[in-house]
There are 2 protein chains.
Amino acid sequence: MKDDRSTSPLGTRVQLRVQLADDLRARLQEGEWPVGAQLPTEGELASRYGVSRSTVRGALQQLEIHGLTVTRHGVGTFVTPFGRGIKAGLQELQSITDTVAAHGMEPGMQYRSVEFREASQDELDAFAVEGPSRVLAVERAVLADGVVVAFSYDTIPAWRLPTGLDPAAVKGSLFHLLESAGIVSKTAVADIHAARGAHIGWGERPPDQVYLLLEQTHYDASAQPVLRSRTYFIEGRFQFSILRTR
Amino acid sequence: MKDDRSTSPLGTRVQLRVQLADDLRARLQEGEWPVGAQLPTEGELASRYGVSRSTVRGALQQLEIHGLTVTRHGVGTFVTPFGRGIKAGLQELQSITDTVAAHGMEPGMQYRSVEFREASQDELDAFAVEGPSRVLAVERAVLADGVVVAFSYDTIPAWRLPTGLDPAAVKGSLFHLLESAGIVSKTAVADIHAARGAHIGWGERPPDQVYLLLEQTHYDASAQPVLRSRTYFIEGRFQFSILRTR
DNA sequence: GAGTGGTCTAGACCACCCT
DNA sequence: GGGTGGTCTAGACCACTCA
């Protein structure tokens, strides 16, 4: 495997451990090792795939992080019973669109308003700027198979966007808008709340609807804040899971 | 540093990279590197501490996972603005007691009932058993500085507990009860919900109180389910954060 | 081009589990 | 004791960023 390292469609090299992890993942899902079964030992995988043991360990670590396997010191690596069934792992940052798709539904968006306005004090703090500044404020409803599943209030610092951007032209994923401006959201800090109240959302909705609120600040690779979002998910429409470890 | 590897109070060896990470963390918190500053390069840290570069990378990875730093390919490692301020990282599995303590409050428990009973179908599924089985069911209120902050409904498979266990003797952390039975909860899958309703909790509480529900199944090192818990946190009392990455 | 992090290897030795 | 994973090293080479 040393010299035929695969390349992705774009030509970027794919890490050996990722290739190995993908291969093992595929074989797991094909049922080659049922729940509770032991995978080959690290040494065996290393020689079988022609890679070093540390590469094998890197691959197995990925599987373990995603909850597919557990590795027990001095014993071996085993298939967990809970690997499948985690639909939206919250620790993985993905767009709302992707979250909807991960649940097997068709994502959609309904824009309510897109406008530039002065940043609130709250936003100035989040974006770590002083003095008055403008932000692009977006209000949208998120659809899954045509049904509203969330209301989202997002703001982007205006000074990071291309000058002369037409708010009316904004549509689709905000991630894509940011990326077209050369901004990639790499990490986000999310605070989770339960929320309720008439101030949430618009249109037809039960007066006592309960929401799961994800209050997020996104950062680029340089840890600069690029997006602040408050998304109110209608309770029960999605499964939000987290794999917690010690 | 090669031969004076420290030992913890119990005599267990402390990994080099953990020592390094702890040292760097302490220096970060003392303000040696302010937000945005660049840490020494990997090579420099390696020679300064007398360890290999991969050990340094292991330490830096820990810092990055906890959101204290970001490492940028070809540039360096920098202090993030969001490292502090994450009080209860949900991806880290800890007892409720520890969660309360992490918020700087005094934890407490009020037991409402502890009893053995037949497992519900739901529980049979979670514990992956067939046919009727008994569980230990515990209902508690969680206190912080003497105030109720959560209601918790927990069940433990009876066949994993010492025979002849007296329910009346159960108190304090369930984690400790499990550990005294030789069971260590190592990972948990948590589903997050927003909840509301009169069926939640007991005693004095507003009729329309909103709760953040953490529905968890805990597993031991062998991925065997050992504890199922539904904890209703009163909204607003705690900050639950998640660091999300791509 | 100089400097930084990213990946991978080969090998040594340690710690844990089981019989 | 034999087998398995856990940690660490030294070094090679690649990929990215920035002046």
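Reminder, nothing fancy here: chain letters follow the sequence lines and each chain counts from 1.
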> What do the steps show when you test A:Asp154 against A:Ser152 for side-chain hydrogen bond (donor to acceptor under 3.5 Å, both in side chains), and what is the final call?
Replying inline: CA-CA 6 Å; A:Asp154 306 309; A:Ser152 196; 3.2 Å; yes

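- Nearest to the side-chain atoms of A:Glu42 among the listed nucleotides D:dT9, D:dG5, C:dC8 stands D:dG5.
- Classification of the B:Phe82-A:Tyr219 ring pair by plane angle, with boundaries at 30° and 60°, yields tilted.
- The shortest non-hydrogen separation linking A:Leu39 to A:Thr69 is CD2-CG2, 4.4 Å.
- Following rounding to the nearest Å, A:Glu44 (CD) and D:dT4 (P) show an atom-to-atom distance of 8 Å.
- Of the candidates C:dC8, D:dG5, D:dC8, the closest approach to any side-chain atom of B:Ser52 belongs to D:dC8.
- Rounded to whole Å, atom C1' of D:dA10 lies 21 Å from atom OH of B:Tyr49.
- Side chain B:Arg72 to base C:dG6: no donor-acceptor pair is found below 3.5 Å.
- Counting to the nearest Å, the C1' atom of C:dG3 and the CG atom of B:Leu39 are 17 Å from each other.
- In this structure, of C:dA12, C:dG5, C:dA15, it is C:dA15 that holds the atom nearest to the side chain of A:His73.
- Side-chain proximity of B:Arg53 to the nucleotides D:dG5, D:dA12, D:dT9 is greatest for D:dA12.
- Side chains of B:Val142 and B:Thr99 form no contact here, defined as non-hydrogen atoms less than 4.5 Å apart.
- A:Arg17 comes within 4.0 angstrom of the backbone, heavy atoms only, and of no base.
- For A:Val51, the side-chain atoms get nearest to C:dT9 when compared with the rest of C:dT9, D:dG6, D:dT9.
- Regarding contacts with the backbone of D:dT9, a side-chain N or O of B:Thr55 is found under 4.0 angstrom from either OP1 or OP2.
- Residue A:Arg57 places at least one side-chain N or O closer than 4.0 Å to OP1 or OP2 of D:dG6.
- Heavy atoms of A:Ser54 sit under 4.0 angstrom from at least one base atom.
- Atom CG in A:Leu16 sits roughly 12 Å away from atom P in D:dA15 (whole-Å rounding).
- What separates CD of A:Gln38 from P of C:dC17 is a distance of 15 Å, to the nearest Å.
- Listed for the A:His103 side chain is no donor-acceptor partner under 3.5 Å among the backbone atoms of A:Phe238.
- Rounded to whole angstrom, the span from the CG atom of A:Leu20 across to the C1' atom of C:dT9 amounts to 14 Å.
- Here D:dG5 presents its P atom at 13 Å from CD of A:Gln61, a figure rounded to the nearest Å.
- One can place CD of A:Gln19 at 16 Å from C1' of C:dG6, the figure rounded to the nearest angstrom.
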